[in-house]
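Contents: one structure, followed by commentary.
Throughout, a chain's letter reflects where its sequence line sits, starting with A, and its residues are numbered from 1. Just so it is clear, the model here is predicted, and its values are computed rather than measured. Only this structure's heavy atoms are used, side chains among them; waters, hydrogens and symmetry mates stay out.
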Protein chains: 2
Amino acid sequence: MTPADRFIEPLVRESTPSIIADKLRKAIGHGELKAGQQLGEAELARELGVSRGPLREGMQRLTQEGLLFSVRNRGLFVIEMTPENVRDMYLARSAIERAAAEQIFLLDPVSAGDELLDVTQQMARAAARQDIATVSDADIEFHQRLVSLARSPRLTRIHNTLLTETRMCIHALEDTYRSSDERVAEHRGIAEALTSSDHALTDQRLVAHMDDAILRLATAGTGPGRLGLVDQR
Amino acid sequence: MTPADRFIEPLVRESTPSIIADKLRKAIGHGELKAGQQLGEAELARELGVSRGPLREGMQRLTQEGLLFSVRNRGLFVIEMTPENVRDMYLARSAIERAAAEQIFLLDPVSAGDELLDVTQQMARAAARQDIATVSDADIEFHQRLVSLARSPRLTRIHNTLLTETRMCIHALEDTYRSSDERVAEHRGIAEALTSSDHALTDQRLVAHMDDAILRLATAGTGPGRLGLVDQR
DNA sequence: CGCTGCTAGATTGTCAACCGTCCAATAGTT
DNA sequence: AACTATTGGACGGTTGACAATCTAGCAGCG
């Protein structure tokens with residue numbers, strides 16, 4: 001982290017497919033690529049200024065992660081967030097995050113909780129000024145941090161994948177969210193359960209948090225064609 | 001599931017990268033490709049009779065799954081199963097399988113347990129004739145079935161990835177296993193906990209099963225250079 | 001009028017050849 | 001013997017081309 005690093009470090013850039021995958025992930029998470037939309041490889045390759053090979057590899061990655069689905073000889077499409085899909089996603093996220101929390105309790109739950117409380121404070125500040133986008137970012141950050149605190153490469157990798165899908169939902173539903181304060185409180189509750197070294201409470205609050213998210217997304221999904229939550233085409 | 005389906009269904013064959021990925025997965029799971037070994041793409045492409053494009057896509061998939069790791073401008077290598085890696089893998093597997101079990105309890109734990117008991121019977125028959133390879137297959141099958149019974153696409157997908165890594169370990173450790181009968185009993189215990197609709201017991205036995213596996217693999221890893229569990233090179 | 005079958009266009013899937021980059025082993029020097 | 005320069009080999013990426021396949025539109029027929 002010395003100043004000199006800034007000059008000698010950036011020589012090793014990550015591979016092109018990695019960059020492409022990241023860009024696409026962000027585009028999907030931010031809703032620039034909509035659910036069900038097709039990704040034409042010729043067009044994308046031109047736009048991104050790369051050839052089809054690395055592009056295909058990058059898209060391959062997202063397909064593997066479940067963000068895209070492929071139809072043979074037809075192309076790749078952005079996954080559609082059916083209510084069932086949302087439920088399943090949160091089921092998987094719940095599995096990962098609960099396991100992460102359990103792992104944290106074998107390490108250092110108190111300092112982990114403290115770190116997460118920092119995030120909730122950022123979230124609270126953003127909520128105070130009605131900056132919902134930043135609240136959402138902090139939301140994601142909170143869960144990402146939670147899992148990374150378990151120091152498990154696999155849990156982290158799996159969770160990252162799931163988070164992109166979450167981002168898809170959150171972004172599209174930001175405005176439908178209930179009170180931001182409530183949202184902050186829920187996260188703070190989890191962090192505080194950690195600092196108080198109460199495993200059962202942490203687990204319980206995590207589960208409640210997930211169930212709550214499913215509920216909100218499900219009711220939004222039953223609305224009039226909101227998102228891509230109901231049948232496309 | 002009508003008989004006619006058998007004639008109209010199989011028209012879509014899987015893509016070349018899929019086939020390649022499967023072949024490599026099997027090769028790794030069966031120990032034909034050893035831990036730490038490099039996969040030269042030129043050579044592999046020649047052997048498999050495909051060009052570099054699809055081959056790279058297939059290998060890309062395994063990299064994403066964590067079975068291979070890539071070193072820039074050097075190539076792809078089979079992951080090395082360090083004791084730490086094994087621990088992390090079982091941590092992730094535990095997270096998934098426990099969540100799957102919990103989900104099964106919301107569906108039909110009794111018939112699920114019955115189905116798993118069938119698998120344990122196969123396992124028992126193989127154990128009776130000292131066919132350890134088949135016991136291992138049944139072991140994998142048991143866990144695969146367990147997760148698929150939760151009917152969660154994501155849990156299933158994630159778990160499949162982890163199982164290939166498991167297969168790597170199991171195959172290499174088959175001969176070091178303690179009594180096969182004990183192994184059968186452990187699995188039967190889990191299945192019976194399901195049929196008796198005892199969630200807490202199921203969870204407890206699952207955790208015990210995983211911890212047991214870690215313990216066995218860890219002690220085997222401390223042996224004299226067994227597997228690729230200790231430092232390669 | 002509706003259905004079948006064909007054709008054209010577009011897109012994906014695969015291959016092959018080419019070059020720049022980077023690592024690592026080797027050879028050569030001090 | 002230790003260090004440095006060279007060089008070979010493999011990967012990463014690009015380009016271009018061709019085959020396979022799907023969609024859509026149109027002609028022909030009952």
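There is no side-chain donor-acceptor pair under 3.5 Å between B/T63 and B/R56.
Distance, A/R72 CZ to C/dT14 C1': 11 Å, rounded to whole Å. Atom CZ of B/F77 and atom C1' of C/dC23 are 10 Å apart (whole Å). Atom CD of B/Q38 is separated from atom P of C/dA24 by 10 Å (rounded to the nearest Å). Rounded to whole angstrom, the span from the CG atom of A/L44 across to the P atom of C/dA10 amounts to 19 Å. Rounded to whole Å, atom P of C/dT12 lies 10 Å from atom CZ of A/R74.
Comment: B/K23 does not engage B/E47 in a salt bridge, judged by the lack of any side-chain N to carboxylate O separation of less than 4.0 angstrom. With respect to B/D22 and B/K26, no salt bridge is recorded, no charged nitrogen being found less than 4.0 Å from a carboxylate O.
Considering every non-hydrogen atom in both A/L67 and A/R25, the closest pair reads CD1-CG, 3.8 Å. Residue A/A21 comes nearest to A/L62 through the heavy atom pair O-CD2, 4.0 Å, listed as atom of the first residue, atom of the second, then distance.
Counting non-hydrogen atoms under 4.0 angstrom, A/L76 reaches nothing in the nucleic acid.
For DNA chain C, the neighbouring residues in residues 46-62 of chain A, judged by any heavy atom under 4.0 Å, are A/R52, A/R56.
Distance from the side chain of A/N73 is smallest for D/dC22 among the nucleotides D/dC22, D/dG13, C/dT21.
For the OP1/OP2 pair of C/dG13 and a distance below 4.0 Å, the side-chain nitrogens and oxygens of B/S15 include no atom meeting the criterion.
Counting non-hydrogen atoms of neighbouring residues, nucleotides and ligands closer than 6.0 angstrom, the CZ atom of B/R87 reaches no more than 12 such neighbours.
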